[in-house]
Amino acid sequence: MPVKGSPENYDRFDKVDESLNLFNKMIQKCPKPSIVEFTKLLGATVRMKHYAAVVYMCSQMDFVGVPHDAYSLSVLINCFCQLGQTDFGFSVLGKMIKIGVEPSAVTFSTLINGLCKQRKISQAASLFDGMVEKGYQPHLITYSTILNGLCKTGDTRRAVRFLRMMEARGFKPDIVVYNTVIDCLCKCGLLKEALDLFSEVKVKDNRPNIITFSCLIHAIILIDAFCKDGLIFQAVDTIHTMRKQGLEPNVVTYTTLVDAYCKKGMVFEAKDIVDKMRKQGIQPDVVMYNILVDAYCKKGMVSEAEDIVDTMRKQSIEPNVVTYSILADAHCKKGMISLKLKASSTQ
DNA sequence: CTAGGGTTAG
(Lines give C-alpha, C1' and ligand atoms only; values in the text may rest on other atoms or scores of the structure.)
Protein backbone atom coordinates (compact mmCIF):
# COMPACT_ATOMS: atom_id res chain seq x y z
CA MET A 1 0.00 0.00 0.00
CA PRO A 2 1.23 3.50 -0.75
CA VAL A 3 2.34 5.42 2.27
CA LYS A 4 0.54 8.64 2.94
CA GLY A 5 2.84 11.58 2.64
CA SER A 6 5.48 9.94 0.47
CA PRO A 7 6.73 12.34 -2.22
CA GLU A 8 5.77 10.15 -5.19
CA ASN A 9 2.28 9.95 -3.81
CA TYR A 10 1.89 13.70 -3.71
CA ASP A 11 3.16 13.83 -7.24
CA ARG A 12 0.46 11.41 -8.24
CA PHE A 13 -2.15 13.28 -6.26
CA ASP A 14 -1.38 16.48 -8.15
CA LYS A 15 -1.83 14.73 -11.46
CA VAL A 16 -5.21 13.18 -10.58
CA ASP A 17 -6.21 16.54 -9.30
CA GLU A 18 -5.29 17.91 -12.70
CA SER A 19 -7.34 15.35 -14.56
CA LEU A 20 -10.33 15.98 -12.30
CA ASN A 21 -9.98 19.73 -12.85
CA LEU A 22 -9.78 19.23 -16.57
CA PHE A 23 -12.76 16.91 -16.43
CA ASN A 24 -14.85 19.50 -14.60
CA LYS A 25 -14.00 22.10 -17.21
CA MET A 26 -14.92 19.68 -19.98
CA ILE A 27 -18.37 18.84 -18.64
CA GLN A 28 -19.13 22.55 -18.14
CA LYS A 29 -18.28 23.51 -21.70
CA CYS A 30 -21.31 24.42 -23.73
CA PRO A 31 -20.87 22.37 -26.83
CA LYS A 32 -19.47 19.38 -24.92
CA PRO A 33 -16.18 17.91 -26.17
CA SER A 34 -16.54 14.67 -28.10
CA ILE A 35 -16.47 11.25 -26.45
CA VAL A 36 -13.02 10.79 -28.00
CA GLU A 37 -11.68 13.72 -25.96
CA PHE A 38 -13.24 12.31 -22.81
CA THR A 39 -11.79 8.87 -23.50
CA LYS A 40 -8.32 10.35 -23.84
CA LEU A 41 -8.64 11.85 -20.38
CA LEU A 42 -10.06 8.61 -18.96
CA GLY A 43 -7.14 6.70 -20.46
CA ALA A 44 -4.61 9.09 -18.93
CA THR A 45 -6.26 8.69 -15.52
CA VAL A 46 -6.20 4.89 -15.88
CA ARG A 47 -2.48 5.10 -16.59
CA MET A 48 -2.11 6.83 -13.22
CA LYS A 49 -3.98 3.84 -11.76
CA HIS A 50 -6.76 6.06 -10.38
CA TYR A 51 -9.54 3.68 -11.29
CA ALA A 52 -12.07 5.01 -8.80
CA ALA A 53 -11.66 8.49 -10.27
CA VAL A 54 -12.46 7.08 -13.70
CA VAL A 55 -15.58 5.37 -12.36
CA TYR A 56 -16.64 8.71 -10.94
CA MET A 57 -15.99 10.54 -14.20
CA CYS A 58 -18.00 7.98 -16.15
CA SER A 59 -20.99 8.40 -13.88
CA GLN A 60 -20.75 12.19 -14.20
CA MET A 61 -20.67 11.84 -17.98
CA ASP A 62 -23.90 9.88 -17.77
CA PHE A 63 -25.34 12.58 -15.53
CA VAL A 64 -24.63 15.46 -17.91
CA GLY A 65 -25.62 13.41 -20.93
CA VAL A 66 -22.34 12.69 -22.69
CA PRO A 67 -23.10 9.52 -24.66
CA HIS A 68 -20.69 6.62 -24.01
CA ASP A 69 -19.27 4.40 -26.71
CA ALA A 70 -17.51 1.00 -26.81
CA TYR A 71 -14.17 2.63 -26.01
CA SER A 72 -15.21 4.60 -22.94
CA LEU A 73 -17.28 1.73 -21.58
CA SER A 74 -14.39 -0.70 -22.04
CA VAL A 75 -12.26 1.68 -20.00
CA LEU A 76 -14.94 1.67 -17.31
CA ILE A 77 -15.11 -2.13 -17.35
CA ASN A 78 -11.35 -2.30 -17.00
CA CYS A 79 -11.50 0.00 -13.98
CA PHE A 80 -14.05 -2.21 -12.23
CA CYS A 81 -11.89 -5.24 -13.03
CA GLN A 82 -8.80 -3.54 -11.64
CA LEU A 83 -10.75 -2.66 -8.49
CA GLY A 84 -11.60 -6.34 -8.07
CA GLN A 85 -15.25 -5.76 -8.99
CA THR A 86 -15.55 -7.78 -12.16
CA ASP A 87 -19.26 -8.27 -11.49
CA PHE A 88 -19.81 -4.52 -11.91
CA GLY A 89 -17.83 -4.83 -15.12
CA PHE A 90 -20.41 -7.35 -16.30
CA SER A 91 -23.24 -4.98 -15.42
CA VAL A 92 -21.59 -2.40 -17.67
CA LEU A 93 -21.47 -5.02 -20.43
CA GLY A 94 -25.20 -5.60 -19.92
CA LYS A 95 -25.85 -1.88 -20.08
CA MET A 96 -23.78 -1.63 -23.27
CA ILE A 97 -25.90 -4.27 -24.98
CA LYS A 98 -29.09 -2.65 -23.69
CA ILE A 99 -28.22 0.78 -25.13
CA GLY A 100 -27.10 -0.75 -28.39
CA VAL A 101 -23.34 -0.24 -28.11
CA GLU A 102 -21.56 -3.20 -29.65
CA PRO A 103 -18.85 -4.63 -27.35
CA SER A 104 -15.55 -5.49 -29.04
CA ALA A 105 -12.93 -8.21 -28.63
CA VAL A 106 -11.13 -5.79 -26.33
CA THR A 107 -14.21 -5.49 -24.10
CA PHE A 108 -14.35 -9.26 -23.69
CA SER A 109 -10.60 -9.58 -23.19
CA THR A 110 -10.81 -6.98 -20.44
CA LEU A 111 -13.48 -9.00 -18.63
CA ILE A 112 -11.53 -12.23 -19.14
CA ASN A 113 -8.53 -10.59 -17.57
CA GLY A 114 -10.65 -9.44 -14.64
CA LEU A 115 -11.97 -12.96 -14.07
CA CYS A 116 -8.49 -14.44 -14.27
CA LYS A 117 -7.25 -11.92 -11.71
CA GLN A 118 -10.01 -13.14 -9.38
CA ARG A 119 -9.00 -16.72 -10.14
CA LYS A 120 -12.38 -17.48 -11.70
CA ILE A 121 -10.75 -19.43 -14.47
CA SER A 122 -13.66 -21.58 -15.55
CA GLN A 123 -15.83 -18.47 -15.95
CA ALA A 124 -13.01 -16.83 -17.88
CA ALA A 125 -12.69 -19.88 -20.11
CA SER A 126 -16.42 -19.98 -20.88
CA LEU A 127 -16.47 -16.25 -21.69
CA PHE A 128 -13.51 -16.93 -23.96
CA ASP A 129 -15.38 -19.75 -25.71
CA GLY A 130 -18.44 -17.53 -25.90
CA MET A 131 -16.62 -14.71 -27.64
CA VAL A 132 -15.04 -17.13 -30.13
CA GLU A 133 -18.47 -18.60 -30.87
CA LYS A 134 -19.84 -15.12 -31.55
CA GLY A 135 -17.06 -14.55 -34.04
CA TYR A 136 -14.82 -12.23 -32.02
CA GLN A 137 -11.13 -12.89 -32.63
CA PRO A 138 -9.14 -13.14 -29.39
CA HIS A 139 -5.55 -11.95 -29.57
CA LEU A 140 -2.46 -13.92 -28.67
CA ILE A 141 -2.39 -12.20 -25.31
CA THR A 142 -6.01 -13.10 -24.58
CA TYR A 143 -4.94 -16.73 -24.97
CA SER A 144 -1.94 -15.96 -22.80
CA THR A 145 -4.11 -14.48 -20.06
CA ILE A 146 -6.24 -17.62 -19.82
CA LEU A 147 -3.19 -19.83 -19.99
CA ASN A 148 -1.59 -17.88 -17.19
CA GLY A 149 -4.76 -18.27 -15.14
CA LEU A 150 -4.77 -22.03 -15.68
CA CYS A 151 -1.13 -22.21 -14.62
CA LYS A 152 -1.59 -20.04 -11.54
CA THR A 153 -4.44 -22.23 -10.31
CA GLY A 154 -2.32 -25.32 -10.83
CA ASP A 155 -4.38 -26.75 -13.67
CA THR A 156 -1.29 -27.88 -15.54
CA ARG A 157 -2.95 -30.54 -17.65
CA ARG A 158 -5.54 -28.10 -18.92
CA ALA A 159 -2.84 -25.50 -19.53
CA VAL A 160 -0.95 -27.89 -21.79
CA ARG A 161 -4.17 -28.81 -23.63
CA PHE A 162 -4.93 -25.11 -24.03
CA LEU A 163 -1.46 -24.52 -25.47
CA ARG A 164 -2.02 -27.26 -28.03
CA MET A 165 -5.45 -25.88 -28.85
CA MET A 166 -4.16 -22.41 -29.58
CA GLU A 167 -1.50 -23.87 -31.85
CA ALA A 168 -4.20 -25.88 -33.62
CA ARG A 169 -6.14 -22.67 -34.16
CA GLY A 170 -3.17 -21.16 -35.89
CA PHE A 171 -1.77 -19.03 -33.07
CA LYS A 172 1.96 -19.26 -32.82
CA PRO A 173 2.78 -19.07 -29.10
CA ASP A 174 5.60 -16.71 -28.29
CA ILE A 175 8.35 -17.24 -25.74
CA VAL A 176 6.24 -15.70 -22.95
CA VAL A 177 3.55 -18.34 -23.46
CA TYR A 178 6.11 -21.14 -23.47
CA ASN A 179 7.77 -19.74 -20.35
CA THR A 180 4.44 -19.69 -18.54
CA VAL A 181 3.80 -23.36 -19.28
CA ILE A 182 7.40 -24.46 -18.71
CA ASP A 183 7.43 -22.75 -15.32
CA CYS A 184 4.11 -24.34 -14.46
CA LEU A 185 5.39 -27.81 -15.36
CA CYS A 186 8.53 -27.16 -13.33
CA LYS A 187 6.57 -26.06 -10.28
CA CYS A 188 4.46 -29.22 -10.48
CA GLY A 189 7.62 -31.29 -10.48
CA LEU A 190 7.11 -32.40 -14.07
CA LEU A 191 10.69 -31.64 -15.07
CA LYS A 192 10.79 -34.17 -17.88
CA GLU A 193 7.78 -32.64 -19.56
CA ALA A 194 9.22 -29.19 -19.00
CA LEU A 195 12.45 -30.24 -20.70
CA ASP A 196 10.47 -31.75 -23.60
CA LEU A 197 8.64 -28.48 -24.11
CA PHE A 198 11.95 -26.68 -23.78
CA SER A 199 13.44 -28.64 -26.69
CA GLU A 200 10.26 -28.04 -28.63
CA VAL A 201 10.82 -24.30 -28.19
CA LYS A 202 14.33 -24.70 -29.56
CA VAL A 203 13.06 -26.56 -32.62
CA LYS A 204 10.49 -23.89 -33.41
CA ASP A 205 12.13 -20.59 -34.16
CA ASN A 206 11.38 -19.27 -30.69
CA ARG A 207 14.62 -18.83 -28.82
CA PRO A 208 14.54 -19.65 -25.10
CA ASN A 209 15.41 -16.54 -23.13
CA ILE A 210 16.89 -15.90 -19.73
CA ILE A 211 13.55 -16.49 -18.05
CA THR A 212 13.15 -19.90 -19.69
CA PHE A 213 16.54 -20.92 -18.38
CA SER A 214 15.94 -19.49 -14.93
CA CYS A 215 12.78 -21.56 -14.59
CA LEU A 216 14.60 -24.75 -15.54
CA ILE A 217 17.54 -24.02 -13.26
CA HIS A 218 15.19 -23.33 -10.39
CA ALA A 219 13.40 -26.62 -11.07
CA ILE A 220 16.61 -28.64 -11.13
CA ILE A 221 17.62 -27.07 -7.83
CA LEU A 222 14.27 -27.87 -6.24
CA ILE A 223 14.65 -31.51 -7.19
CA ASP A 224 18.12 -31.43 -5.69
CA ALA A 225 16.73 -30.00 -2.45
CA PHE A 226 13.94 -32.53 -2.14
CA CYS A 227 15.27 -35.81 -3.35
CA LYS A 228 18.47 -35.97 -5.35
CA ASP A 229 21.67 -34.49 -4.01
CA GLY A 230 24.24 -33.37 -6.49
CA LEU A 231 21.98 -31.79 -9.03
CA ILE A 232 23.35 -28.34 -8.26
CA PHE A 233 26.18 -29.24 -10.62
CA GLN A 234 23.62 -29.91 -13.31
CA ALA A 235 22.18 -26.47 -12.61
CA VAL A 236 25.64 -24.94 -12.94
CA ASP A 237 26.02 -26.89 -16.16
CA THR A 238 22.76 -25.44 -17.45
CA ILE A 239 24.21 -21.99 -16.83
CA HIS A 240 27.15 -22.94 -19.05
CA THR A 241 24.77 -24.06 -21.80
CA MET A 242 22.96 -20.78 -21.45
CA ARG A 243 26.21 -18.86 -21.85
CA LYS A 244 27.09 -20.83 -24.97
CA GLN A 245 23.81 -19.65 -26.46
CA GLY A 246 24.81 -16.08 -25.84
CA LEU A 247 22.58 -15.58 -22.80
CA GLU A 248 24.30 -14.05 -19.81
CA PRO A 249 22.88 -15.10 -16.44
CA ASN A 250 21.48 -12.22 -14.41
CA VAL A 251 20.91 -11.56 -10.70
CA VAL A 252 17.79 -13.72 -10.72
CA THR A 253 19.59 -16.70 -12.22
CA TYR A 254 22.37 -16.43 -9.67
CA THR A 255 19.93 -15.87 -6.81
CA THR A 256 18.48 -19.30 -7.55
CA LEU A 257 21.94 -20.82 -7.09
CA VAL A 258 22.76 -18.79 -4.00
CA ASP A 259 19.45 -19.87 -2.49
CA ALA A 260 20.22 -23.51 -3.27
CA TYR A 261 23.62 -23.41 -1.57
CA CYS A 262 22.21 -21.53 1.41
CA LYS A 263 19.44 -24.08 1.92
CA LYS A 264 22.13 -26.77 2.08
CA GLY A 265 24.02 -24.70 4.63
CA MET A 266 26.89 -24.17 2.18
CA VAL A 267 27.17 -20.46 2.93
CA PHE A 268 30.74 -20.06 1.72
CA GLU A 269 29.89 -21.47 -1.68
CA ALA A 270 26.94 -19.09 -1.78
CA LYS A 271 29.13 -16.13 -0.82
CA ASP A 272 31.56 -17.21 -3.52
CA ILE A 273 28.88 -16.94 -6.19
CA VAL A 274 28.04 -13.41 -5.07
CA ASP A 275 31.70 -12.41 -5.26
CA LYS A 276 32.21 -13.99 -8.69
CA MET A 277 29.09 -12.30 -9.92
CA ARG A 278 30.35 -8.91 -8.82
CA LYS A 279 33.64 -9.52 -10.61
CA GLN A 280 31.60 -10.07 -13.78
CA GLY A 281 30.07 -6.68 -13.24
CA ILE A 282 26.63 -7.94 -12.22
CA GLN A 283 25.24 -6.05 -9.22
CA PRO A 284 23.65 -8.17 -6.51
CA ASP A 285 20.38 -6.81 -5.11
CA VAL A 286 18.65 -6.74 -1.73
CA VAL A 287 16.88 -10.02 -2.43
CA MET A 288 20.10 -11.87 -3.02
CA TYR A 289 21.83 -10.36 -0.01
CA ASN A 290 18.87 -11.10 2.23
CA ILE A 291 19.14 -14.78 1.38
CA LEU A 292 22.82 -14.70 2.24
CA VAL A 293 22.28 -12.75 5.47
CA ASP A 294 19.59 -15.20 6.51
CA ALA A 295 21.86 -18.18 5.83
CA TYR A 296 24.67 -16.71 7.93
CA CYS A 297 22.23 -16.02 10.77
CA LYS A 298 20.88 -19.55 10.63
CA LYS A 299 24.44 -20.80 11.07
CA GLY A 300 24.71 -18.63 14.16
CA MET A 301 27.20 -16.32 12.42
CA VAL A 302 25.29 -13.18 13.29
CA SER A 303 28.24 -10.80 13.33
CA GLU A 304 29.34 -12.06 9.91
CA ALA A 305 25.79 -11.46 8.74
CA GLU A 306 26.05 -7.90 10.00
CA ASP A 307 29.31 -7.51 8.11
CA ILE A 308 27.43 -8.45 4.95
CA VAL A 309 24.85 -5.78 5.70
CA ASP A 310 27.71 -3.27 6.00
CA THR A 311 29.04 -4.44 2.63
CA MET A 312 25.58 -3.91 1.18
CA ARG A 313 25.50 -0.33 2.37
CA LYS A 314 28.99 0.28 0.95
CA GLN A 315 27.68 -0.91 -2.41
CA SER A 316 24.77 1.48 -1.90
CA ILE A 317 22.27 -1.35 -1.75
CA GLU A 318 19.95 -0.27 1.06
CA PRO A 319 18.85 -3.03 3.46
CA ASN A 320 15.05 -3.30 3.60
CA VAL A 321 12.43 -4.47 6.09
CA VAL A 322 13.23 -8.10 5.32
CA THR A 323 16.93 -7.56 6.07
CA TYR A 324 16.19 -5.98 9.44
CA SER A 325 13.64 -8.65 10.32
CA ILE A 326 16.22 -11.35 9.67
CA LEU A 327 18.75 -9.60 11.91
CA ALA A 328 16.18 -8.88 14.63
CA ASP A 329 15.05 -12.49 14.58
CA ALA A 330 18.62 -13.71 14.83
CA HIS A 331 19.30 -11.43 17.81
CA CYS A 332 16.16 -12.64 19.56
CA LYS A 333 17.10 -16.27 19.09
CA LYS A 334 20.62 -15.55 20.29
CA GLY A 335 19.17 -13.84 23.34
CA MET A 336 17.01 -16.84 24.08
CA ILE A 337 19.99 -19.14 23.83
CA SER A 338 22.07 -17.08 26.27
CA LEU A 339 19.07 -16.91 28.60
CA LYS A 340 18.78 -20.67 28.45
CA LEU A 341 22.48 -21.02 29.14
CA LYS A 342 22.17 -18.72 32.13
CA ALA A 343 19.18 -20.65 33.38
CA SER A 344 20.97 -23.96 33.15
CA SER A 345 24.11 -22.62 34.79
CA THR A 346 22.20 -21.29 37.81
CA GLN A 347 20.45 -24.58 38.33
C1' DC B 1 -8.49 9.89 -33.40
C1' DT B 2 -9.79 6.70 -28.06
C1' DA B 3 -9.87 1.01 -25.07
C1' DG B 4 -7.64 -4.43 -22.82
C1' DG B 5 -3.85 -8.05 -21.97
C1' DG B 6 0.77 -12.42 -20.38
C1' DT B 7 6.59 -14.88 -17.76
C1' DT B 8 11.29 -15.98 -13.32
C1' DA B 9 14.20 -15.52 -7.72
C1' DG B 10 12.78 -13.78 -1.33
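Chain identifiers are assigned alphabetically (A, B, ...) following the order of the sequence lines, protein sequences preceding nucleic acid strands; residue numbering begins at 1 within each chain.
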Sugar-phosphate only, base, or nothing, as touched by A:Val36 at under 4.0 Å among non-hydrogen atoms: base
Aromatic centroids of A:Phe198 and A:Phe213 separated by under 6.0 Å: yes
Nucleotide of B:dT8, B:dA9, B:dG6 approaching A:Asp183 most closely (side-chain heavy atoms): B:dT8
Sugar-phosphate, base or nothing in reach of A:Thr212, heavy atoms under 4.0 Å: nothing
Sugar-phosphate, base or nothing in reach of A:Lys152, heavy atoms under 4.0 Å: sugar-phosphate
For A:Glu133, all residues meeting side chain to side chain contact (heavy atoms under 4.5 Å, CB included), sequence neighbours excluded: none
Any A:Lys187 side-chain nitrogen or oxygen under 4.0 Å from OP1 or OP2 of B:dA9: yes
Sugar-phosphate, base or nothing in reach of A:Ser74, heavy atoms under 4.0 Å: base
Rounded distance in Å - CG (A:Asn78) to C1' (B:dT2): 14 Å
Between P of B:dG5 and CZ of A:Arg47, the distance in whole Å: 11 Å
Check: B:dG4 base within 3.5 Å donor-acceptor of A:Ser109 side chain: yes
Presence of donor-acceptor pair under 3.5 Å, side chain of A:Thr107 and base of B:dA3: no
Sugar-phosphate, base or nothing in reach of A:Asp174, heavy atoms under 4.0 Å: base
Per A:His218 side chain, nearest of listed nucleotides B:dT2, B:dG10, B:dG4: B:dG10
